[in-house]
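Written out below as structure tokens is the structure these notes cover.
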Amino acid sequence: YVQDLIELGIDSYEVYVNDGNTIYLGKDGATVESWPQYAPIEVEEQSNRENFVQQLRIHQRGESDYMTFCFAAAENGVYKRKMNMDQMVCIYYDKAEEEILVEWIPS
């Protein structure tokens, strides 16, 4: 998926946990925004990094579906995630735009 986006000229994208809306950012400064992908969910004000990491690992092992992961992220204060293709990194943010977790994207 990441390689396909790179081929399309996408530099990074941001996914908002509250409704799945995604903003794609191109190398040329162009942006494309999706519609909300699911009914709004409430994102907690306080983040819980340790619990979020645990839930993320469960999801990465294939032990939860996407919506379960989204609810877990929201419950742990994850507001959005940003995928940066140049750096091959995914950063999870809270509502204050503070980094909760930085992960390298396997290539």
Side-chain angles (χ1 to χ4, degrees):
Y1 178 71
V2 171
Q3 294 304 323
D4 290 341
L5 291 175
I6 291 170
E7 287 180 26
L8 291 171
I10 302 297
D11 181 49
S12 63
Y13 65 94
E14 298 176 352
V15 179
Y16 291 84
V17 172
N18 68 316
D19 65 4
N21 178 41
T22 304
I23 300 173
Y24 297 91
L25 307 162
K27 293 183 184 299
D28 60 359
T31 62
V32 175
E33 186 171 350
S34 75
W35 295 97
Q37 301 301 302
Y38 45 82
I41 56 178
E42 185 67 31
V43 175
E44 292 295 325
E45 295 294 326
Q46 284 285 14
S47 62
N48 183 333
R49 183 185 189 282
E50 292 77 24
N51 197 43
F52 171 66
V53 170
Q54 182 181 18
Q55 296 301 314
L56 176 61
R57 299 296 177 245
I58 289 169
H59 183 66
Q60 289 173 334
R61 289 192 307 261
E63 298 173 12
S64 69
D65 62 24
Y66 182 69
M67 283 310 301
T68 300
F69 171 68
C70 291
F71 280 109
E75 289 171 1
N76 288 289
V78 176
Y79 174 67
K80 73 175 180 179
R81 70 180 181 274
K82 182 174 183 176
M83 304 287 286
N84 184 308
M85 270 58 106
D86 285 341
Q87 298 174 358
M88 294 302 282
V89 67
C90 179
I91 305 170
Y92 297 87
Y93 295 91
D94 64 13
K95 283 185 172 181
E97 298 282 335
E98 297 292 327
E99 292 180 2
I100 294 173
L101 177 67
V102 177
E103 282 199 313
W104 301 108
I105 302 167
S107 52

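Model, not experiment: these values are computed from the prediction. Just the heavy atoms: all of them, side chains too, but no hydrogens, waters or symmetry mates, feed the values below.
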Requested in this report: Give a yes or no on whether the backbone of T22 and the side-chain of S34 come within a donor-acceptor separation of less than 3.5 Å.
Outcome: yes

Report task. Taking K95 for its side chain and V43 for its backbone only, find out whether a donor-acceptor pair lies under 3.5 Å. Result -> yes

Query raised in the report: Are L101 and I91 side-chain neighbours, meaning at least one heavy-atom pair lies under 4.5 Å?
Result: no

Requested in this report: Using side chain to side chain donor-acceptor pair (under 3.5 Å) as the criterion, list what pairs up with E33, not counting sequence neighbours.
Outcome: N21

Query raised in the report: With no hydrogens and no angle check, do the side chains of Q60 and E103 hold a donor and an acceptor under 3.5 Å apart?
Result: yes

Query raised in the report: Which pairs pass ring-ring contact (aromatic ring centres under 6.0 Å, His included) with one or both residues in residues 72-102, sequence neighbours excluded?
Result: Y16-Y79, F52-Y92

Report task. Only pairs at least two apart or in different chains count here, so list each side-chain hydrogen bond (donor to acceptor under 3.5 Å, both in side chains) that has a residue in residues 23-32. Result -> Y1-Y24, K27-D86

Requested in this report: Answer yes or no: does atom NZ of K82 have more than 12 heavy-atom neighbours from other residues, nucleotides or ligands under 6.0 Å?
Outcome: no

Query - Side-chain heavy atoms of Y66 within contact of F71, under 4.5 Å - result: no

Query raised in the report: Side-chain contact, heavy-atom cut-off 4.5 Å: K80 with V15?
Result: no

**Report entry** Electrostatic pair R81-E14, nearest N-O below 4.0 angstrom
**Finding:** no

**Report entry** Beyond-backbone contact of I41 with V17, side-chain heavy atoms, under 4.5 angstrom
**Finding:** yes

Query raised in the report: Are any side-chain N or O atoms of Q37 and backbone N or O atoms of W35, one a donor and one an acceptor, separated by less than 3.5 Å?
Result: yes

Requested in this report: Of all the heavy-atom pairs spanning I100 and S47, show the shortest one and how long it is.
Outcome: CD1-CB, 3.6 Å

Query raised in the report: Would you say the side chains of R57 and Q54 form a donor-acceptor pair under 3.5 Å?
Result: no

Query raised in the report: Are S12 and M83 side-chain neighbours, meaning at least one heavy-atom pair lies under 4.5 Å?
Result: no

Query raised in the report: Do N18 and P40 come within less than 4.5 Å of each other through their side chains, counting heavy atoms only?
Result: no

Query raised in the report: D94 versus V78: any side-chain heavy-atom pair under 4.5 Å?
Result: no

Query - From CA spacing to verdict: side-chain contact (heavy atoms from CB on, under 4.5 Å), Y13, L5 - result: CA-CA 9 Å; Y13 65 94; L5 291 175; 3.4 Å; yes

Query raised in the report: So, H59 side chain and S64 main chain: donor-acceptor pair closer than 3.5 Å or not?
Result: yes

Report task. Mind listing the closest non-hydrogen atom pair of E63 and R61 along with its distance? Result -> OE2-NE, 3.0 Å

Query - Trace of the side-chain contact (heavy atoms from CB on, under 4.5 Å) decision for V89 with V102 - result: CA-CA 7 Å; V89 67; V102 177; 3.2 Å; yes

Query raised in the report: Run the side-chain contact (heavy atoms from CB on, under 4.5 Å) check on M85 and I10 step by step: do they pass?
Result: CA-CA 8 Å; M85 270 58 106; I10 302 297; 3.7 Å; yes

**Report entry** Reported CG-to-CG distance for the pair N51 and N76, which is rounded to 0.5 angstrom
**Finding:** 4.0 Å

